[in-house]
Every structure is written in structure tokens, then in C-alpha cells.
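Labels below follow one simple rule: chain letters A, B, ... track the order of the sequence lines, proteins then strands, and each chain is numbered from 1. What you see below is based on every heavy atom in this structure, not just the backbone, and it leaves out hydrogens, waters and symmetry mates.
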Protein chains: 2
Amino acid sequence: MNLHDLKSVCGSCTIRELCLPAGLSDEEVHLLDQHMDHRQVVSKGDYLYRVGDPFRSLFAVSSGFFKTVLLHEDGRGQITGFQMMGELLGLEAIHSDHHVCDAIALEDSAVCAISFDQFEQLGQIMANLQHRFNKDLSREIVREHNVMMLLGSMRSEERLANFLIDLADRHAHRHQSSVEMTLRMTREDIGSYLGLKLETVSRLLSRFHDEGLLEVRGRRVKILDRNALALRRTETHN
Amino acid sequence: MNLHDLKSVCGSCTIRELCLPAGLSDEEVHLLDQHMDHRQVVSKGDYLYRVGDPFRSLFAVSSGFFKTVLLHEDGRGQITGFQMMGELLGLEAIHSDHHVCDAIALEDSAVCAISFDQFEQLGQIMANLQHRFNKDLSREIVREHNVMMLLGSMRSEERLANFLIDLADRHAHRHQSSVEMTLRMTREDIGSYLGLKLETVSRLLSRFHDEGLLEVRGRRVKILDRNALALRRTETHN
DNA sequence: CGATTGGTTGAGCCCATTCAACGAATGTGG
DNA sequence: CCACATTCGTTGAATGGGCTCAACCAATCG
């Protein structure tokens, strides 16, 4: 039996409450399960989808870690997000029926695929599901608002502090340590997401380290003083 | 009869195809009409909603021009978008049932309010409407992706060129001149949206003017060389 | 092993910011 | 109606934060 062909089963999924079926009743989840597509493994470095691919399915990250990259004609790329378990991939593609960014696994990962056609039909008979989905889309909009704020009006130090705290919170929400984390992405990835160059990210991490806010060893990061770090998210920290 | 109490009637609306009911059949639009809420006038400078307001309705801009502003605790604000007729306001609020930004009219405007509860019910019995709405939400996500790209990896000149071309295109799409436009927002607003200071925006406009790309007189902007301007959206313009 | 990728650190530079002065347009109250 | 304040925009000069260029190191891999 091939992992690629495993059926998704939300009903018995440990991250059910973090994911699409959050808040649904057992019967509703059962119904959702019947319409779930396959489960799919994506190895580190592989593309889940690429710009231009026709849009058929949404994906829920079951395990692992992804980045989504928006490509600009002249080669420049912007990372628009990092997705961890329970989070949805592919929402941007609904509009044009084609993916408009690349989704790349940053570690060996697995996703649950949901045929969007079937999902929409299901939404028609399950108001709860549709409502949850509307909220998920809206949440993504809010998240991006916050990134716009970050990119548009914060200095480098604040950007990185925000990034680290956000990452820690998302780990905590998944019952993982919000103190010690292994970054799944390179300095360049972080820089791309934050609108900074990799050297700047590296320097900032060193700075935070020197100041006793973090312990940084490569991609292992330990938050030593969360309060102080949290203060760095905003300008005046005299 | 008070304009504030006018019933919205999509069926006879001139911008129907730019707005929420785009692509719906006459019967469907009729059904939508029955569930539309009031039409509402918003004077220049007034708030359509504020951060923290409970979310009850989506708004479709019927006429006029809005900005949405995300406030940061320390007083800084980021403009997350400008909305013109046919565009939706309030999508960010679905997630938390509360508005998370301010919406401010930049000129005397009117909006059509749609009770979101009723709208969701309607979506349950009108697959087409729900599908359109999913696409609208997805489009907003794509738009914000592009802003992230702009803020994260473009230089000031490219940002402004992108902004102007985008504005021109949206005017064209509404059968308004895409050559001569009156900006509805201040230099500071533009700067906030583009992650620049107002002085920088002013200097860039002067530069484009001097180079013969634009004719700028206060808020009147005439695009003299659209091709050249379009080239400025991307780095290499030797 | 050499080759490649990822990360750190330094030195100099440049683009956008800051600070500042000034002008134009609009509105307000006496 | 004028005097005055306020808001909006332009332009100049100096500053600085993050970038560029570059060297170097560590880890991984075929």
C-alpha cells in the first residue's frame, strides 16, 4: 500500500481541530471524509504545485512545512507565507482556476487533498462547513493585512521579532514548544518573507543572540526572553 | 425619502457586472435583491466602520472611493487597500465577527449593505452566488499577495509605477479614462499604501513628470507615456 | 575528497528617510 | 471681506538603515 494513495480520514485525525473540520460535529466530519480526496506525500524540496497549474484541489497540511513563493517576471521572488500542519494551501487559486504561486515543501511533508468542486457541493449542503471556510478565507486576508503592515511600516528588527513570536505562537498552538524551535527555512527565505536580505536577517539574529534574547545555533532557535523579544515588535523600546 | 433608506436593487444597477452579482442570471439577481439590505451614504471623511465594530454586513461600493486602514498600537497605520465602485468592503471581518480595520470614505460615497447572515443563507441555496463569493475572497488574497511582492521586493519607483498602472486599469475597467485621473487620496495615503514616506511619493511624481511619463498637477494625473511607465514597474529599464 | 549550499561578518555605499523651509489652496471667524 | 489657521504638497540638505560586495567558515553530499 502506497502512502500516496491513502485515503484521508478527518474523523480520526489528531489535528482535526486545527484544520478545516474544526468545530464540525462528528456526523459532519464523517460526511466531509466521504468527499475527501487522497492523501499525498511531498518530499523536502518538492513542489506541491506550481504557478500555472490548473486548480483542482485545496490542500491541508497534514504534517511538515511549506512555503509559497510568488514569482516576478524578472526572476525576483517573494515568499508570501509559510504553512504548517492544519493550514490550507491553494486558496489563491480559486479566483482564476490556476495556481498563481509555487508551493514547496521545506521538509518531508504530507497533505490531504480536497477536490474543490466536491468541496463546494458539500458546502451547499453543510452550512457549517461553508461558514468555516468563509472564515478561513477571511483569516488569510487578515494575516496578509498584518504582513502588509509589517512590510510597509516596520524596521528590520521589528519585522524579525514579529516573525519569531508569530512562529512561536503557531508552534504553541500545535502543542509544540514555543521556546525551542527548529527553523525549517533558510535565512534567505526568512529575508524574502520579511522584505530583507539574508545578510540582514543573519545580522539581526546575531544581534538578538548577543543581547540575550535568543540562543541561535544555525536553525535551532531558543527564545530566552520572550517578553523582551515581544517588545522589539514595536518601535519604542527605550 | 432619505437616501440612507433606499433599498438596494442590483437588478437595475449599472455596475452590476462589476460587483457581487457579476455573472448571475436575472432570476438569481432578483433573489439576491430580495435579501439585500439598505443603501447607505457615506460622506467624505466619514467612517463606514471602525476597528472593533461588530461585523453584520458586507458592503459593496456603489459609488465613491474608500481606504481601509490597519492601525498599529503605537499609532502607526498602514493602508491596506483602496476600494472603488463594485468592490467589496468588510471581508476581513468574517473571521472574527469584528472589523479589524477602519474603512474611510475619501469622497462622498454610497455603499450597498448586505447582511452577512442572510448572505450566507442565500449562498446555501444559490451555488452560483457562493462560487462567485469564494472567487471574490480568493481574488482579494491574490491582490494582497501582489502588494506583498510590491512591498517586499520593489524599489520606490517600481512601487509607484505599479500603483499608477493598477489604478489606471481599474478606471479603464469601469469605463473611465485610464489616462487622466484624479487621485482621491493624499500623498501620505499613497505613501502609506506603498510603504513610502509622503516626501518620497511627491519626489517620484515630480520625477515621472520631469521625465515626461506623467503630467501631474496636484491630484490630477495624466499618463503621457503608458508604455514607459509600465516599464518602470520592473527593475531593468536601461 | 572537492563541490555545493547555507551562514556569518566586515566595509563602503546608496536609496529612502528625516528634518526643515516654503508655497498653494481651502476654510473659518471676526 | 480680510486675517489667520490648517491641510496638502514640493523641494533641499543631511543622515542612516539596510544593501552590496566580498571573504571566510561549516556542514552536507555525491
Side-chain angles (χ1 to χ4, degrees), chain A residues 43-45 65 67 75-79 104 106-108 150-164 182-211 214-221 232 235-237, chain B residues 43-45 67 75-76 78-79 104 106-108 150-164 182-211 214-221 232 235-237:
Chain A
S43 306
K44 179 174 176 174
F65 202 89
K67 66 174 174 183
R76 278 179 288 186
Q78 172 78 24
I79 293 187
I104 302 165
L106 293 183
E107 61 179 333
D108 290 345
L150 181 145
L151 292 171
S153 40
M154 291 187 186
R155 31 185 74 268
S156 62
E157 197 176 84
E158 306 173 78
R159 295 187 199 188
L160 187 63
N162 268 281
F163 174 74
L164 291 170
T182 338
L183 303 178
R184 256 68 241 217
M185 70 296 281
T186 66
R187 305 290 193 255
E188 185 167 21
D189 286 337
I190 299 175
S192 171
Y193 183 61
L194 298 179
L196 302 171
K197 292 294 158 187
L198 69 95
E199 295 95 330
T200 306
V201 174
S202 179
R203 276 185 248 273
L204 287 169
L205 284 171
S206 300
R207 178 143 102 220
F208 285 165
H209 180 100
D210 294 345
E211 294 173 335
L214 301 177
E215 194 176 298
V216 183
R217 276 216 319 285
R219 298 204 184 171
R220 282 301 290 174
V221 173
R232 298 299 179 88
E235 183 78 40
T236 45
H237 51 274
Chain B
S43 305
K44 178 174 175 174
K67 65 174 174 183
R76 280 180 288 185
Q78 172 77 24
I79 293 187
I104 302 165
L106 293 182
E107 61 179 331
D108 290 344
L150 181 144
L151 292 171
S153 39
M154 292 187 184
R155 26 185 77 267
S156 62
E157 195 176 87
E158 306 172 79
R159 296 187 200 187
L160 187 64
N162 268 282
F163 174 74
L164 291 169
T182 337
L183 303 178
R184 271 26 292 196
M185 70 296 282
T186 66
R187 304 290 193 256
E188 186 167 21
D189 286 337
I190 300 175
S192 171
Y193 183 62
L194 298 179
L196 302 170
K197 292 293 155 188
L198 69 97
E199 295 95 328
T200 307
V201 174
S202 180
R203 276 185 249 271
L204 287 169
L205 285 171
S206 300
R207 177 142 104 221
F208 285 165
H209 180 101
D210 293 345
E211 294 173 334
L214 301 177
E215 194 175 296
V216 183
R217 277 217 320 284
R219 299 204 183 172
R220 284 300 291 173
V221 172
R232 297 300 179 89
E235 182 76 41
T236 46
H237 52 274

Visitor: Shortest non-hydrogen contact from V216(A) to L205(A)?
Guide: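 Where V216(A) meets L205(A) most closely, the heavy atoms are CG2-O, 4.0 Å.
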Visitor: Under the 3.5 angstrom rule, does the side chain of S192(B) hit a backbone N or O of I79(B) as a donor-acceptor pair?
Guide: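 Present.
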Visitor: For a quick test of reading the model: is some side-chain N or O of S156(B) closer than 4.0 Å to OP1 or OP2 of dA16(C)?
Guide: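 Yes.
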Visitor: At 4.0 Å (heavy atoms only), tell me whether L196(B) reaches a base, stays on the sugar-phosphate, or touches nothing.
Guide: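 Since only primed, P, OP1 and OP2 atoms lie under 4.0 Å of L196(B), the category is sugar-phosphate.
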Visitor: May I ask you to evaluate whether S206(A) reaches the phosphate of dT9(C), defined as a side-chain N or O under 4.0 Å from OP1 or OP2?
Guide: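 Answer is yes, contact under 4.0 Å.
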Visitor: Can you tell me which residue pairs pass the salt bridge (Lys or Arg N to Asp or Glu O under 4.0 Å) test with a partner in residues 186-195 of chain A, sequence neighbours excluded?
Guide: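 Found K67(A)-D189(A).
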Visitor: With C1' as the reference atom in both, quote the distance from dC14(C) to dT18(C) in angstrom, rounded to an integer.
Guide: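 To the nearest whole Å, 16 Å.
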Visitor: For DNA chain C, determine which residues of residues 186-194 of chain A have any heavy atom closer than 4.0 angstrom to one of its atoms, and list them numerically.
Guide: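 Correct list: T186(A), R187(A).
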Visitor: Looking at S202(B) and L198(B), would you say the former's side chain and the latter's main chain have a donor-acceptor pair under 3.5 Å?
Guide: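 No, the answer is negative, given that no donor and acceptor are paired below the 3.5 Å cut-off.
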Visitor: Is R159(B) reaching over with its side chain to a backbone N or O of L194(B), donor-acceptor style, under 3.5 angstrom?
Guide: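 It does hold such a pair.
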Visitor: Tell me the closest heavy-atom pair linking K44(A) and D108(A), and the distance in Å.
Guide: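 Taking K44(A) first and D108(A) second, the nearest heavy atoms are N-OD1, 2.7 Å.
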Visitor: Would you mind building the protein contact string for nucleotides 19-29 of chain C? One character per nucleotide, 5' to 3', B for base within reach (heavy atoms under 4.0 Å), S for sugar-phosphate only, - for untouched.
Guide: B----------
Visitor: Let me know, please, whether R155(A) or G218(A) comes out on the 5' side of the other along DNA chain C by nearest nucleotide.
Guide: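 On the 5' side of the pair lies G218(A).
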Visitor: From dT18(C), dG18(D), dT8(C), pick the nucleotide closest to the side chain of T200(A)?
Guide: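 Nearest nucleotide to the side chain: dG18(D).
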Visitor: Using the side-chain heavy atoms of S202(A), tell me which of these nucleotides is nearest: dT9(C), dT18(C), dA16(C).
Guide: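 Nearest nucleotide to the side chain: dT9(C).
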Visitor: Can you give me the closest heavy-atom contact between R76(A) and S153(B), atom names plus distance?
Guide: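 Smallest interatomic distance, heavy atoms only, reads NH1-O, 2.7 Å.
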Visitor: Testing the basics here: between S156(A) and L196(A), what is the closest heavy-atom pair and its distance to 0.1 Å?
Guide: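 In terms of heavy atoms, the two residues are closest at CB-CD2, 3.8 Å.
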